[in-house]
Amino acid sequence: MPGFPRLAGPAVMADADLLRGVLAESARLAARYEAAIGALPAEAERLTVVRDAHRAHADALLRALDTATAPADPSASAAPGGTVTLKTLAEDERAASGRAATACLGVLSHHAPLVGTIAAARATHAESLAGAQQ
């Protein structure tokens, strides 16, 4: 990342592991939304926006990791798994938000804004989906 010195050691390894975990979950969520778009065509417009947000998060995390060999579509490597409903998506988002918030506490300070933003976005998605169920 420009303006930041290159660091080495255990802290950087832990940071990369946390970022990879958030990245894997972003890809998994994007895949879940892809499945939901097919299963819930009446919600496709709303779900497409959220799927695209998860893909954008994955792209940003890949840049943060300096990964040059990333797949063009990070959701392609994630198995969606399970029945997809608005309720299950909201539950997935809520749990993923909590994990990202926890990861935010462990990443290097220059990655905290990115991971914190992802945690907040996931919480917003969960609330939006919960509201749609009422």
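Position 1 is the first residue of the sequence; numbering continues from there. No hydrogens, no waters, no symmetry mates; every other heavy atom, side chains included, goes into these values.
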> Quick one: does Glu34's side chain get under 4.5 Å of His54's, heavy atoms only?
Replying inline: no

>> To check you understand the geometry: which heavy-atom pair defines the closest contact between Val84 and Ala35, and what is its length?
In response: CG2-CB, 4.0 Å

>> How long is the straight-line distance from CG of Asp15 back to CG of Leu65, given to the nearest 0.5 Å?
In response: 7.5 Å

> Does a side-chain N-to-carboxylate-O contact under 4.0 Å join Glu25 and Arg28?
Replying inline: yes

>> Quick check: do His57 and Leu29 have side-chain heavy atoms less than 4.5 Å from each other?
In response: no

> Between Arg20 and Asp17, is any pair of side-chain heavy atoms under 4.5 Å apart?
Replying inline: yes

> Going from CG on Leu40 to CG on Leu86, what distance comes out if it is rounded to the nearest 0.5 angstrom?
Replying inline: 5.5 Å

>> Would you say that His111 contacts Leu18 through its side chain, given a criterion of any heavy-atom pair below 4.5 Å between the two side chains?
In response: no

> Hey, are the side chains of Thr88 and Thr83 touching, using non-hydrogen atoms and a 4.5 Å cut-off?
Replying inline: no

> Between Ala119 and Ser97, what is the shortest heavy-atom contact and its length?
Replying inline: O-OG, 2.8 Å

>> On a heavy-atom basis, which atom in Arg122 and which in Ala100 lie closest, and how many Å separate them?
In response: NH1-CB, 3.6 Å

> Considering only heavy atoms from C-beta outward, does the side chain of Ile118 approach that of Leu61 to under 4.5 Å?
Replying inline: yes

>> I'd like to know if Arg32 and Glu93 make a salt bridge, using a cut-off of under 4.0 Å between side-chain N and carboxylate O.
In response: no

> What is the minimum heavy-atom distance between Pro113 and Ser109, and which atoms define it?
Replying inline: CD-O, 3.3 Å

> For the atom pair CZ (Arg63) and CG (Leu19), what is the distance rounded to the nearest 0.5 Å?
Replying inline: 13.0 Å

>> For Leu114 versus Ala64, what's the shortest heavy-atom pair and its separation?
In response: CD2-CB, 4.0 Å

> For the side-chain contact (heavy atoms from CB on, under 4.5 Å) test, which of Leu47, Asp92, Val50 pairs with Leu129?
Replying inline: Leu47

>> Could you report the tightest heavy-atom contact between Ala90 and Ala126, atom names first, then the distance?
In response: O-CB, 3.7 Å

